[in-house]
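All values below were derived from every heavy atom in this structure, side-chain atoms included, with hydrogens, water molecules and symmetry-related copies excluded. Numbering of residues begins at 1 and proceeds along the displayed sequence.
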Amino acid sequence: MIVPFSEEPMNIKSNLEDNKSKSLVIELLDKTRKFWESKLNAVEFKLPKSAEKIVNTLKSNIAYILINRDGPAIQPGSRSYERSWIRDGALTSTALLYIGIIDEVREYIDWYAKYQFPDGKIPCVVDSRGADPVPEHDSHGEFIYVVMQYFHFTKDTIWLRGKFDNIIKAVRYIQSLRSQRKTDVFKYGTPEQRAMFGLVPESISHEGYSAKPMHSYWDDFWVLRGLNDATVIARIIGENKLEEEFKSETDDFQTCLYTSMRLAMQNKNIDYIPGCVELGDFDATSTVIGVNPIGELGNIPEPQLTNTFDRYYKFFTDRRDGKIDWVNYTPYEVRIIGAYVYMGQKQRALELLNFFLKISVRKGGTIGLKLCGKIRILQDLSAICRTRG
């Protein structure tokens with residue numbers, strides 16, 4: 001029996017003799033093994049023996065990413081996940097780039113860029129039906145981010161210039177979104193409305209707000225990263241006027257973002273970073289992206305940022321030590337490992353890493369994809385493992 005998973009045709013005759021069949025199987029197995037070795041061994045890991053399970057988890061899930069590709073479309077899984085989200089694809093692409101897989105990322109970006117709407121909107125997801133029109137306002141920043149990530153690893157200026165029109169249109173769309181929250185209603189309105197001033201409108205990109213769209217800081221962090229990267233891209237290709245414009249937009253948005261956070265915390269009388277303006281909700285797994293990959297550590301309000309991850313750590317240790325009853329966990333928590341590394345709390349990072357690797361086996365979860373897709377795992381793992389000596 002031959003299952004045609006490969007695009008390469010297999011000209012194999014039926015009813016082969018046993019010895020020829022066995023030889024053919026060995027040949028095909030060897031070819032398959034060499035293919036995966038070439039993909040997964042491009043980066044050498046020099047880590048202690050104790051870190052072997054982490055490297056294995058990473059490599060296994062890089063393989064899952066490639067297996068779940070559908071042509072150029074990077075997809076988070078199969079069945080109901082057989083769609084390509086720019087949210088997952090941008091971060092998964094970063095993981096692939098760190099592991100030395102380049103061509104597949106370029107193919108993904110080239111393919112996804114074709115679905116940008118005429119007004120500059122980047123669709124949140126693309127599938128066999130085409131681009132999904134649902135507004136999820138993290139997508140525009142994520143697209144700009146992954147373009148910059150690809151350039152960071154390849155230095156392909158010609159390719160980058162070819163994507164600059166897409167970047168300009170995405171920035172223009174972000175500006176149009178922001179204009180909806182820069183009116184007098186939001187400048188002089190209720191305390192909650194004033195906390196929305198200068199942000200992008202509410203959306204459901206954050207899965208916790210699927211029932212009702214919210215002004216999510218998840219979206220705004222990605223907008224900030226996108227504007228920052230657009231500024232850098234303009235500078236790289238010598239578009240000085242646009243660089244100046246994008247820099248001004250970035251600075252204005254950053255000011256609005258942190259003014260909003262402080263007002264939201266004041267409105268809700270909370271001492272941690274909220275997930276959105278309206279609820280004042282505690283959501284460390286959302287807040288964490290502000291640290292990495294957005295890179296805003298040092299700008300996010302303190303002591304509220306530290307309070308956020310201290311509060312999460314208390315919940316984590318209570319759960320780990322059996323002080324509270326629990327059944328479920330979310331793989332998104334794995335993002336916090338990287339945040340603790342960047343915040344200089346490597347012991348906490350190790351505790352989380354060990355716990356989630358054990359839980360993933362005991363409860364049948366799959367956290368590896370989040371490990372490589374949600375944080376710059378290669379840097380983080382190196383930093384974590386160096387503490388073990």
Side-chain angles (χ1 to χ4, degrees), residues 45 47-61 64 76-77 88 91 95 206-208 217-218 221 270-275 279-294 297 300 302-389:
F45 293 87
L47 299 172
K49 183 71 174 178
S50 58
E52 184 175 340
K53 61 183 179 181
I54 305 171
V55 176
N56 289 341
T57 297
L58 175 64
K59 288 187 175 183
S60 295
N61 284 276
Y64 297 153
D88 295 318
L91 291 166
H206 182 301
E207 294 173 0
Y217 290 122
W218 169 277
F221 273 132
I270 56 176
D271 63 353
Y272 54 82
I273 304 297
L279 302 178
D281 49 327
F282 177 79
D283 189 359
T285 63
S286 173
T287 302
V288 70
I289 68 157
V291 176
N292 185 56
I294 308 306
L297 185 62
I300 303 173
E302 287 285 11
Q304 291 88 351
L305 180 66
T306 296
N307 293 345
T308 300
F309 293 107
D310 285 349
R311 176 171 171 168
Y312 170 81
Y313 184 72
K314 174 63 165 58
F315 163 72
F316 163 76
T317 53
D318 284 349
R319 180 176 47 175
R320 181 196 62 187
D321 299 340
K323 295 181 180 179
I324 57 174
D325 293 329
W326 65 280
V327 176
N328 299 321
Y329 75 101
T330 169
Y332 292 129
E333 293 177 65
V334 177
R335 297 173 181 149
I336 297 173
I337 296 172
Y340 282 138
V341 173
Y342 286 105
M343 295 172 73
Q345 301 181 31
K346 294 182 181 179
Q347 183 57 42
R348 287 186 175 184
L350 274 173
E351 291 177 41
L352 264 67
L353 183 61
N354 290 331
F355 175 78
F356 285 117
L357 283 174
K358 291 177 182 177
I359 292 301
S360 69
V361 174
R362 188 167 77 234
K363 292 188 174 294
T366 304
I367 68 168
L369 182 58
K370 303 303 178 186
L371 276 170
C372 65
K374 299 303 181 187
I375 56 178
R376 295 181 178 179
I377 190 64
L378 303 184
Q379 290 181 338
D380 294 345
L381 290 181
S382 297
I384 292 168
C385 293
R386 280 197 297 272
T387 67
R388 305 192 73 162

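- Closest of all the heavy-atom pairs between Phe221 and Ile294 is O-CG2, 3.5 Å.
- In this structure a side-chain-to-backbone donor-acceptor pair under 3.5 Å is missing from Trp218 to His206.
- No side-chain donor-acceptor contact under 3.5 Å links Asp88 to the backbone of Pro76.
- When atom types are taken as modelled, the side chain of Asp281 and the backbone of Gly275 share a donor-acceptor pair closer than 3.5 angstrom.
- Looking only at distances, a side-chain donor or acceptor of Tyr340 sits under 3.5 Å from a matching main-chain atom of Phe309.
- In this structure, Ser60 OG and Lys53 NZ are separated by 14.0 Å, a value rounded to the nearest 0.5 Å.
- The shortest heavy-atom contact between Pro274 and Thr287 is O-OG1, 4.4 Å.
- Lys314 and Asp318 make their closest contact through NZ-OD2, 2.6 Å (heavy atoms, listed as atom of the first residue, atom of the second, distance).
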Item to complete: Evaluate side-chain contact (heavy atoms from CB on, under 4.5 Å) for Arg348 paired with Phe316, printing each intermediate quantity in order.
Response: CA-CA 10 Å; Arg348 287 186 175 184; Phe316 163 76; over 6 Å; no
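- Contact annotation: the side chain of Tyr217 never approaches that of Ile300 to less than 4.5 Å [non-hydrogen atoms, C-beta and beyond].
- The closest side-chain heavy-atom distance from Glu351 to Arg320 is below 4.5 Å.
- Looking at Asp283 and Thr285, their side chains come closer than 4.5 Å, going by heavy atoms from C-beta outward.
- If you take CD on Gln345 and CD1 on Ile337, they are separated by 13.5 Å, rounding to the nearest 0.5 Å.
- Across all their heavy atoms, Leu91 and Pro293 have their closest contact at CD2-CG, 3.8 Å.
- The CZ atom of Arg319 sits 4.5 Å away from atom CZ of Phe355, with the distance rounded to the nearest 0.5 Å.
- Listed by chain and residue number, Tyr332, Glu333 satisfy the side-chain contact (heavy atoms from CB on, under 4.5 Å) test with Thr330 (two or more places apart in sequence, or in another chain).
- Residues Val55 and Leu47 share a closest heavy-atom pair of CG2-CD1, 3.8 Å.
- In plain terms, the two heavy atoms of Ile336 and Ala284 that are nearest each other are CD1-CB, 3.9 Å.
- Of the possible donor and acceptor atoms, one in the side chain of Glu302 sits under 3.5 Å from a partner among the backbone N and O of Thr306.
- Arg311 forms a cation-pi arrangement with Tyr272, by the criterion of a distance under 6.0 Å to the ring centre and an angle within 45° of the ring axis.
- From Arg335, atom CZ reaches atom CG of Asn292 across 11.0 Å, with rounding to the nearest 0.5 Å.
- Considering CG of Leu305 and CG of Asp310, their distance stands at 9.5 Å, rounded to 0.5 Å.
- Between Ile324 and Phe315, the closest side-chain pair of non-hydrogen atoms falls below 4.5 Å.
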